[in-house]
Protein chains: 2
Amino acid sequence: MPDTILDRCKQNGLRMTGQRKIIAQVLDLAKDHPAVEELHARAHAQDSKISLATVYRTVKTLEACGILEKVEFRDGRARYEAAGRAHHDHLIDVDTGKVIEFVDPEIEALQDKIATKLGYRLTGHRLELFGVKITSE
Amino acid sequence: MPDTILDRCKQNGLRMTGQRKIIAQVLDLAKDHPAVEELHARAHAQDSKISLATVYRTVKTLEACGILEKVEFRDGRARYEAAGRAHHDHLIDVDTGKVIEFVDPEIEALQDKIATKLGYRLTGHRLELFGVKITSE
DNA sequence: GTAGTTGCAAATCATTTGCCCGGTC
DNA sequence: GACCGGGCAAATGATTTGCAACTAC
């Protein structure tokens with residue numbers, strides 16, 4: 001079982017204030033991909049003293065530490081997810097906005113192969129598939 | 001040789017004003033992926049009467065017509081490229097910001113297969129690889 | 001004790017829009 | 001000539017920042 005966000009913050013020597021603890025917990029519990037505004041709403045529910053600016057500052061700090069990864073879908077808002085988990089990609093339901101995570105070893109290998117062929121070593125990648133549910137019509 | 005942006009605008013029954021002609025030409029000549037601000041700079045160089053708002057309105061119109069596709073890299077600015085060309089993906093040089101386009105039939109097929117396995121029919125996709133140039137060290 | 005954090009409000013940045021004028025079909 | 005498109009400046013939405021008060025280490 002991987003460390004919690006809180007653990008990883010401590011490992012990075014971050015000063016753990018009350019608001020950071022709450023934000024870390026919200027992130028740990030989030031099974032979806034909440035935008036910053038949504039993170040703030042959840043954190044604010046635990047402690048009404050947490051400001052939106054603090055949430056923005058915190059996710060930015062955690063991203064800089066490599067604890068979070070920023071993902072941007074098509075709605076102009078940034079979302080964050082825990083980094084360092086097994087790599088995975090996203091399939092986005094264009095009707096509902098629902099995000100489905102998946103991993104496919106074949107496609108991972110292919111991405112590396114392509115980059116190498118082009119003379120590059122990958123430092124990151126992002127694959128987003130947009131689609132509609134197949135209905136048995 | 002595919003139609004020019006101007007041709008495709010006419011085919012879509014768009015009213016071709018002077019500013020739209022210039023913007024279409026700038027887009028045809030662009031071999032890179034200029035952000036809107038940059039498109040405006042180039043168009044403005046041809047006719048100093050073209051406003052930024054017009055460029056925004058024009059790219060949005062062309063996107064709605066399926067003439068352009070919006071691509072968003074990691075700097076928060078929207079970029080556009082001609083749609084309807086052969087599908088391709090992007091490799092972004094993390095040191096220089098340079099964008100390399102590539103196509104790989106294997107990865108295209110795999111994307112479809114994965115979506116189908118998950119119960120979806122693809123309506124769009126985006127693959128961005130971030131990497132550093134391999135130097136013969 | 002002190003440097004790192006926070007809240008609040010004002011500032012930025014990219015993008016959009018209202019309004020009224022001008023040009024295209 | 002009607003209607004769409006354009007310029008300008010003000011509005012918007014997401015995110016950032018200056019500053020003074022606060023707090024974890």
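Chain letters run A, B, ... following the sequence lines, proteins first and then strands; every chain starts at 1.
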Can you measure [X] atom [atom1] to [N] atom [atom2] for me and round it to whole angstrom units?
{"X": "A:L6", "N": "D:dA24", "atom1": "CG", "atom2": "P", "value": "14 Å"}
{"X": "A:K49", "N": "C:dC8", "atom1": "NZ", "atom2": "C1'", "value": "12 Å"}
{"X": "A:I50", "N": "C:dT5", "atom1": "CD1", "atom2": "P", "value": "15 Å"}
{"X": "B:I22", "N": "D:dG5", "atom1": "CD1", "atom2": "P", "value": "17 Å"}
{"X": "A:L39", "N": "D:dA14", "atom1": "CG", "atom2": "P", "value": "14 Å"}
{"X": "B:K21", "N": "C:dG23", "atom1": "NZ", "atom2": "P", "value": "14 Å"}
{"X": "A:E72", "N": "D:dG13", "atom1": "CD", "atom2": "P", "value": "19 Å"}

Result of checking B:E81, B:E38, B:K98 against B:H33 for side chain to side chain donor-acceptor pair (under 3.5 Å): B:E81
Protein-proximity profile, nucleotides 12-17 of chain C, B/S/- by nucleotide at the 4.0 Å heavy-atom cutoff, equals --SBBB
Within the structure, does a side-chain N or O atom of [X] lie under 4.0 Å from either OP1 or OP2 of [N]?
{"X": "A:T17", "N": "C:dT6", "value": "yes"}
{"X": "A:T54", "N": "C:dT5", "value": "no"}
{"X": "A:Q19", "N": "C:dG7", "value": "yes"}

Net bend of the helix from C:dG1-D:dC25 to C:dC25-D:dG1, end axes of five pairs each, nearest 10 degrees: 40°
Sole candidate of A:L6, A:V26, A:I5 that passes side-chain contact (heavy atoms from CB on, under 4.5 Å) when paired with A:K21: A:L6
Could you check A:D47 against B:L14 and say which one's nearest nucleotide on DNA chain C is further toward the 5' end? A:D47
What nucleotide among C:dT6, C:dG23, D:dA24 has an atom nearest to a side-chain atom of B:R15? C:dG23
Quick one: ring pair (Phe, Tyr, Trp, His ring centres under 6.0 Å) partners of B:H125, sequence neighbours excluded? B:H87
Could you tell me whether a side-chain N or O of [X] sits under 3.5 Å from a main-chain N or O of [Y], the two making a donor and an acceptor?
{"X": "B:H40", "Y": "B:I50", "answer": "yes"}
{"X": "B:R20", "Y": "B:R15", "answer": "yes"}
{"X": "A:R8", "Y": "A:D3", "answer": "no"}

Which atom of A:K31 lies closest to which atom of A:D28, heavy atoms considered: NZ-O, 3.9 Å
Atom CG in A:L118, atom CG in B:L91: separation rounded to 0.5 Å? 5.5 Å
Residues B:D47 and B:K49 bridged, charged N to O under 4.0 Å: no
